[in-house]
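First the structure, in the form of C-alpha cells, and then the observations on it.
Every number for a ligand or one of its atoms is a count from 1 in the order of the listing. Quick caveat, the model's predicted, so the values are computed rather than measured.
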Amino acid sequence: MRVVILTGAGISAESGLGTFRDEDGLWTRYPLEEVATPQGWARDPARVLEFYNARRAQAAAARPNAAHAALARLEARLDGQVLIVTQNVDALHEAAGARNVIHMHGRLDGALCAICDHRWPAPGTMAPADPCPSCGAPATRPDVVWFGEMPYRMDEILMALGQADLFVSIGTSGEVYPAAGFVEEAAAQGVRTLELNLEASRGSRLFDEARQGPATRIVPEWVAEMLAL
Ligand code: OAD
C-alpha cells in the first residue's frame with residue numbers, strides 16, 4: 001500500500017506552533033505580503049528576518065506530538081511505501097523519527113544564498129546582509145518558499161501521487177496551491193483520498209472521505225486502523 005501524506009500547520013498546532021488562517025493565525029497578525037514574498041524581502045529584509053528568527057526559535061523549542069509520532073510509526077512499518085510531503089517549515093516530522101519527508105515550502109533551519117543558491121544550516125539568528133559562506137555575497141535568506149516562488153521537489157511529489165494507492169491530507173486548509181490541488185491530481189488518477197482536519201476545509205468535498213477532530217486524536221486512530229489491516 002503506497003501512501004502519500006500531505007501535512008500542514010494543523011498537525012503542529014498541538015505542539016504549540018501557530019497556524020496561518022485560523023482565528024489568531026499568523027496571517028491575521030503579520031501581513032503575508034510583507035513577510036512572505038520576494039517583494040517584502042526586497043523592501044525590508046530586517047522585518048522579514050525578524051519574523052523568521054522568531055518562528056525559528058519557536059520551532060526549535062517545540063516538541064513533536066502524537067500525530068507526528070503516529071506518522072513516523074506508519075512510515076517505519078510500511079517501510080519505503082510512505083512519503084510525507086509537508087508544507088510546514090518546522091522539523092517536527094523528523095524529530096518524531098520520520099525519514100522520508102519532503103519540505104515543499106523549505107525549512108526554517110536552512111539558510112539560502114539569494115545570489116548563488118548555496119544552502120547551509122541556518123544560524124539561530126540571521127541579520128540583514130549576512131555573507132554567504134560560499135560566494136561571500138551579503139544575501140543570506142531563510143531557505144523557505146515565499147508566495148510567488150516555486151515549491152520544492154514538485155516533480156517527485158507529482159510522480160509519487162500518481163503511483164500512490166492512498167492520498168491523505170492532514171491539518172491543512174487547502175487554500176494554498178499547488179498543495180491544494182493534490183487531492184484533485186490524485187483523484188484524477190484513481191487514487192483514494194482522505195482528509196483529516198480539525199474542521200471541514202474548503203476542499204473537503206473533493207475527498208472520498210473526510211474526518212474531523214484534533215490531529216493528536218484522529219491521526220493516531222487512523223494509523224492504528226492502517227496497521228491493523
Ligand atoms: P492554515 O493555517 O491555512 O490551515 C491550518 C488548518 O489546520 C486549518 O484547516 C485548521 O482547521 C486545521 N487545524 C488547526 N488546528 C488543528 C488541529 N489541532 N488538528 C488538526 N487540524 C487543525 O495552514 P496551512 O494549510 O498549512 O505557506 O497553510 C498552507 C501554507 O500557507 C503554509 O505552508 C504557508 C501559508 O501561507 C507559505 O508561507 C508559503
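Between the side chain of Asn65 and the backbone N or O of Ser12 there is no donor-acceptor pair closer than 3.5 Å. Ser15 contributes a side-chain N or O that, together with a main-chain N or O of Arg63, makes up a donor-acceptor pair within less than 3.5 Å.
Between the choices Ser173, Ser169, Gly25, the shortest heavy-atom distance to atom 1 (P) of ligand 1 belongs to Ser173. Heavy-atom proximity to atom 16 (C) of ligand 1, evaluated over Ser15, Gly10, Ala180, is greatest for Gly10.
In this structure, the protein non-hydrogen atom closest to atom 29 (C) of ligand 1 is Gln87 OE1, 3.3 Å. Protein heavy atom at the shortest distance from atom 12 (C) of ligand 1 is Asn197 OD1, 3.4 Å. Summary of contacts: the protein heavy atom closest to atom 11 (O) of ligand 1 is Glu199 OE2, 3.2 Å. Distance from atom 36 (O) of ligand 1 to its nearest protein heavy atom, with residue and atom name: Trp27 NE1, 2.8 Å. When hydrogens are left out, the protein atom nearest atom 5 (C) of ligand 1 is Gly171 O, 3.8 Å; that is the closest non-hydrogen contact. Considering only non-hydrogen protein atoms, atom 37 (C) of ligand 1 sits nearest to Phe147 CE1, 3.8 Å. What sits closest to atom 26 (O) of ligand 1 on the protein, heavy atoms only, is Ala9 N, 2.8 Å. What sits closest to atom 33 (O) of ligand 1 on the protein, heavy atoms only, is His105 ND1, 2.8 Å.
The N/O atoms of Phe20, backbone and side chain alike, include one that comes under 3.5 Å of an N/O atom in ligand 1. Checking only distances, Glu175 never comes within under 3.5 Å of ligand 1, N or O to N or O. Every N/O-N/O distance between Gly8 and ligand 1 stays at or above 3.5 Å. Between Pro214 and ligand 1, no pair of N/O atoms sits closer than 3.5 Å.
Atom numbering of ligand 1 starts at 1 in the shown order; those under 4.0 Å from a heavy atom of Ala13 are 15 (N). If you number the atoms of ligand 1 from 1 as listed, the ones under 4.0 Å from a heavy atom of Val145 come out as 39 (C). For ligand 1 and Glu14, the ligand atoms under 4.0 Å from any heavy atom of the residue are 17 (C), 18 (N), 19 (N). Of all the atoms in ligand 1, the ones that sit under 4.0 Å from a non-hydrogen atom of Val176 are 29 (C), 30 (C), 31 (O).
Taking 4.0 Å as the cut-off between side-chain N and carboxylate O, Arg77 and Glu75 do not count as a salt-bridged pair. We find that Glu184 and Arg205 are not joined by a salt bridge, their nearest charged nitrogen and carboxylate oxygen being 4.0 Å or further apart.
Between Met126 and Gly110, the closest heavy-atom pair is CE-O, 3.9 Å.
Follow the hydrophobic side-chain contacts under 4.5 Å out from Leu92 and you never reach Ile5; the two are in separate clusters.
Within 6.0 Å of CZ on Arg29 lie more than 12 heavy atoms contributed by other residues, nucleotides or ligands.
With a 4.0 Å heavy-atom cut-off, ligand 1 is reached by the backbone of Ala215 and by its side chain too.
Aromatic ring pairs are classed by plane angle as parallel below 30°, tilted from 30° to 60° and perpendicular above 60°; the pair Phe167 and Phe182 is perpendicular. Between Phe51 and Trp27, the two ring planes are parallel [angle under 30°; tilted spans 30° to 60°].
With His103 as the partner, the side chain to side chain donor-acceptor pair (under 3.5 Å) test is satisfied by one option alone out of Glu94, Gln87, Arg153: Glu94.
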Inset, instruction - Starting from the C-alpha separation in whole Å, work towards a yes-or-no answer on salt bridge (Lys or Arg N to Asp or Glu O under 4.0 Å) for Glu34 and Arg47. - result: CA-CA 8 Å; Glu34 283 180 25; Arg47 176 164 164 77; 2.9 Å; yes

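In this structure, Arg119 satisfies the cation-pi test against Tyr152, with its NZ or CZ atom closer than 6.0 Å to the six-membered ring centre and inside 45 degrees of the ring normal.
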